[in-house]
Number of protein chains: 4
Amino acid sequence: MAMRGPRGGGAAKRERILRAAIKIFSQKGFFNSKVSEIARAAGVADGTIYLYFKNKDDLLISLFEEKMGEVVTEVRDKIANGDGPLACLRIFIENHMDLLVREAGLMEVIQVELRQSNKFMKEYVPVKFLEYLDVLGGILDAGKKDGTFRPDLNVKTARRAIFGALDEISLAHVLVRKRKYEPAKAATEIYRIFADGLCAAAREKGGATT
Amino acid sequence: MAMRGPRGGGAAKRERILRAAIKIFSQKGFFNSKVSEIARAAGVADGTIYLYFKNKDDLLISLFEEKMGEVVTEVRDKIANGDGPLACLRIFIENHMDLLVREAGLMEVIQVELRQSNKFMKEYVPVKFLEYLDVLGGILDAGKKDGTFRPDLNVKTARRAIFGALDEISLAHVLVRKRKYEPAKAATEIYRIFADGLCAAAREKGGATT
Amino acid sequence: MAMRGPRGGGAAKRERILRAAIKIFSQKGFFNSKVSEIARAAGVADGTIYLYFKNKDDLLISLFEEKMGEVVTEVRDKIANGDGPLACLRIFIENHMDLLVREAGLMEVIQVELRQSNKFMKEYVPVKFLEYLDVLGGILDAGKKDGTFRPDLNVKTARRAIFGALDEISLAHVLVRKRKYEPAKAATEIYRIFADGLCAAAREKGGATT
Amino acid sequence: MAMRGPRGGGAAKRERILRAAIKIFSQKGFFNSKVSEIARAAGVADGTIYLYFKNKDDLLISLFEEKMGEVVTEVRDKIANGDGPLACLRIFIENHMDLLVREAGLMEVIQVELRQSNKFMKEYVPVKFLEYLDVLGGILDAGKKDGTFRPDLNVKTARRAIFGALDEISLAHVLVRKRKYEPAKAATEIYRIFADGLCAAAREKGGATT
DNA sequence: TATGAATGAGACTTCATTCAT
DNA sequence: GATGAATGAAGTCTCATTCAT
């Protein structure tokens with residue numbers, strides 16, 4: 001798939017360039033990153049990048065789509081095993097926070113550059129990102145159907161709210177040097193906020209409050 | 001404080017430049033905006049901008065700090081009248097969504113550029129943004145103290161989660177042309193999600209569910 | 001006219017750039033000339049060129065149009081004083097050959113680059129060059145009307161033939177170092193070839209053979 | 001002579017590359033043509049071109065010399081049968097205009113690129129082109145000797161004039177879409193212009209005016 | 001204070017050429 | 001011989017910033 005480049009080694013070289021781009025973009029941001037830096041980090045010549053990507057924009061977009069695609073596939077797999085909407089929601093949240101650790105650079109790039117690209121790159125529709133949101137939306141829909149979630153829940157809004165919360169907390173995690181909490185712990189807190197809300201009003205038995 | 005630069009009409013000119021910057025930045029993004037475009041939009045010469053701002057970065061930062069400062073002042077005033085933490089939370093959320101309409105350009109800039117700046121501008125601490133978060137944190141603290149909110153609530157996490165949700169929904173509102181819901185309506189939905197959570201588990205009486 | 005640039009000195013700077021472009025283009029050809037070389041030759045910064053010309057192509061085109069415009073104006077003036085079509089033809093030819101000496105660089109550029117541009121620059125119509133041809137066509141038309149020239153003369157072809165002959169001889173003059181003949185002398189010879197033809201067949205009285 | 005490079009099919013491959021170069025150069029011009037485009041058009045790999053030609057310049061020069069060589073040989077053959085200088089001149093002119101149809105691409109390349117190369121390629125002497133001019137010069141010399149042409153005719157100038165006229169008319173033919181005249185007809189007109197001149201002054205017997 | 005022409009460093013990208021296979 | 005992926009030098013153009021007026 002996408003096998004331009006030399007015999008066999010091509011895909012590997014392409015991957016090396018993508019990895020280098022993630023590293024450099026996450027360190028300096030898209031606009032402050034120079035193509036030559038990425039080339040150096042990937043151990044290829046400047047021109048080689050243009051054998052695999054149309055231009056610098058395409059490098060960023062490919063990065064989004066391909067890496068987000070992997071993320072979507074993974075989270076879908078995990079959720080397939082989830083026992084009920086609440087369990088799935090928890091898995092989704094935990095997975096997202098876990099990505100912060102496993103794929104720190106990628107997440108940083110997505111967090112800070114996706115918005116820009118989203119808004120300013122002509123004709124770019126972040127397909128894979130929307131799929132990611134759809135996974136979340138699917139969980140909420142299922143929860144509404146089986147009565148786990150409120151029947152009047154607006155799924156479109158809720159899924160954005162949950163993603164936004166996860167994203168902002170991820171960002172804080174990345175920005176703030178002194179990490180006050182572990183991602184895993186944050187995951188639990190976020191889960192509770194969304195599952196049960198902020199209020200203390202006694203819930204007979206916190207079914208959700210595992 | 002706003003009186004750097006020239007005498008007399010200076011403050012007005014400075015304000016014109018800031019407004020022009022908001023307009024251009026929100027349309028094209030910080031990196032795609034040219035100082036000369038901002039100058040033209042403000043009706044001043046390119047060089048004039050440098051009489052009021054140190055450089056292009058400073059223009060963005062000043063914009064953040066000064067405009068966010070006004071936002072913080074305003075929301076504090078409104079909240080002062082709030083009757084209890086839940087009411088305050090609602091006011092905060094409604095005000096934020098309302099800003100989307102009243103200050104669309106500013107919000108767009110904050111949403112898409114604050115992250116970049118935050119991460120890549122050396123030595124920039126987004127003081128006013130942190131104050132905005134503190135307003136939210138104050139509400140949560142008060143709610144914990146008076147028993148409205150869960151005693152084990154992690155305020156640091158919760159305030160980021162709420163802000164993230166608001167921010168993401170604002171972003172969707174800005175990005176997606178076909179606005180599916182009004183800001184006011186979205187505000188109510190977000191409020192409910194955070195106040196009561198997603199779950200259907202019957203709450204005797206939705207104290208929060210206004 | 002075309003007075004971008006600084007107060008007053010703008011036109012002069014523009015002219016300096018055009019002169020430098022003529023010099024460099026004539027020495028190295030359009031494609032082998034670097035914008036930075038032209039800038040250096042003009043005594044301006046690289047970027048300054050882009051204040052006066054849209055891009056490198058525009059520099060070449062402007063050069064063609066503006067300088068050819070001056071040439072057209074000049075030859076028209078001279079011809080206005082010509083006494084009859086033959087005299088005018090002679091003036092035109094002499095003027096062209098004379099330009100080789102007075103405007104060597106310009107003529108070299110026109111000779112070697114006009115063809116390229118003509119053919120490969122999208123949307124470029126060499127207006128002033130066509131006017132130059134029209135001046136020649138006008139002489140031929142007048143000569144047909146007053147019986148000086150053959151009534152069956154195809155003006156379109158003849159004017160191209162005359163221009164082609166002049167142009168090729170100019171080119172040879174420019175290319176060949178050892179200049180075997182003076183332009184003035186060549187002018188007379190070309191004039192005779194076109195006026196009387198190559199043949200020896202006795203003409204009663206060489207009206208043309210001044 | 002044409003057998004540099006590979007064995008067997010080598011000459012054919014070399015010819016394919018030359019033909020492809022003519023096609024691409026005539027469409028886009030030398031500087032706008034990419035070696036890879038020529039390779040693709042020839043159905044060979046980029047690197048293969050370098051087995052047959054030293055570099056891109058050499059490709060152009062080889063093209064000139066080899067193809068012009070064929071043209072020179074052909075016109076010499078045709079002229080050998082000519083009956084007298086005037087007939088030979090006519091054959092030369094007709095052949096040149098005819099080439100426009102038979103070898104359109106080649107002629108276009110020669111017209112627009114020869115001048116450039118001539119002037120800017122170090123050490124390139126267009127041998128075959130000079131031979132072509134010599135064929136024309138030979139005709140004129142013969143005509144002077146046998147009294148057909150004026151005894152004071154400057155052959156160097158006249159041959160350049162004739163070639164220039166042919167070349168410019170060819171160029172116009174190629175550039176202008178709406179071809180107003182057929183090459184054959186233009187040949188006759190050019191012949192008359194040079195044989196008899198432009199003037200109407202009655203020639204006893206139009207020996208030349210076939 | 002205000003101007004805006006001028007500057008020039010620097011980035012993206014192209015493409016002729018090479019060479020390991 | 002043939003290939004075509006890889007190279008990397010080099011050029012055009014942009015634009016933040018300056019400074020003489």
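Remember, predicted model here, so these are calculated numbers, not experimental data. Note on naming: letters A, B, ... go to the chains in the order of the sequence lines (proteins, then strands), and numbering restarts at 1 for each one. The analysis underlying the following values was restricted to heavy atoms, covering all of them including side chains, and did not include hydrogens, waters or symmetry mates.
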Q. When the nearest nucleotide of DNA chain F is assigned to V44(D) and to A45(A) on a heavy-atom basis, which residue is associated with the more 5' position?
A. V44(D)

Measure [atom1]/[X] against [atom2]/[N] and give the value in whole Å, please.
X      : N       : atom1 : atom2 : result
I49(D) : dC19(E) : CD1   : P     : 18 Å
E37(C) : dA10(F) : CD    : C1'   : 12 Å
K13(A) : dG4(F)  : NZ    : P     : 16 Å
F53(C) : dT12(F) : CZ    : P     : 15 Å
Y52(C) : dA6(E)  : OH    : C1'   : 8 Å
R40(D) : dG4(F)  : CZ    : C1'   : 13 Å
L60(A) : dA11(E) : CG    : C1'   : 17 Å

Q: Write out the stems for DNA chain E, ordered by first number and formatted as range with range, counting runs of at least 3 consecutive Watson-Crick or G-U wobble pairs under 3.5 Å.
A: E:2-21 with F:2-21

Q.
Any non-hydrogen side-chain atom of S62(C) less than 4.5 Å from a side-chain atom of R14(C)?
A. yes

Q) Got S117(D) and I61(D) here, is their nearest side-chain heavy-atom distance under 4.5 Å? A) no

Q: Kindly write out the residues that satisfy salt bridge (Lys or Arg N to Asp or Glu O under 4.0 Å) with K128(C), not counting sequence neighbours, or none if the list is empty.
A: E131(C)

Q: Check salt bridge (Lys or Arg N to Asp or Glu O under 4.0 Å) between K34(A) and all other residues, then give those that pass, not counting sequence neighbours.
A: none

With sequence neighbours left out, write down each residue that passes ring pair (Phe, Tyr, Trp, His ring centres under 6.0 Å) with [X], or none if nothing qualifies.
X       : result
F30(B)  : F25(B)
F31(B)  : F31(A)
F129(C) : F163(C)

(Q) Going by side chain to side chain contact (heavy atoms under 4.5 Å, CB included), name the residues that satisfy it together with R16(C), two or more places apart in sequence or in a different chain. (A) K13(C), V44(C)

Q) Can you name the residues that form a side chain to side chain contact (heavy atoms under 4.5 Å, CB included) with L171(B), not counting sequence neighbours? A) R115(A), Q111(B), V112(B), E168(B), L175(B)

Q: Classify every nucleotide of nucleotides 12-18 of chain E by which part a protein heavy atom approaches to under 4.0 Å, writing B for the base, S for the sugar-phosphate alone and - for neither, in 5'-to-3' order.
A: SBBSSBB

Q: For DNA chain E, determine which residues of residues 17-26 of chain A have any heavy atom closer than 4.0 angstrom to one of its atoms, and list them numerically.
A: none

(Q) Does anything in residues 116-125 of chain C form a salt bridge (Lys or Arg N to Asp or Glu O under 4.0 Å)? List the pairs, not counting sequence neighbours. (A) K119(C)-E108(D)

Q. Tell me the salt bridge (Lys or Arg N to Asp or Glu O under 4.0 Å) pairs involving residues 18-33 of chain D, sequence neighbours left out?
A. E15(D)-R19(D), R19(D)-E103(D), K28(D)-E37(D)

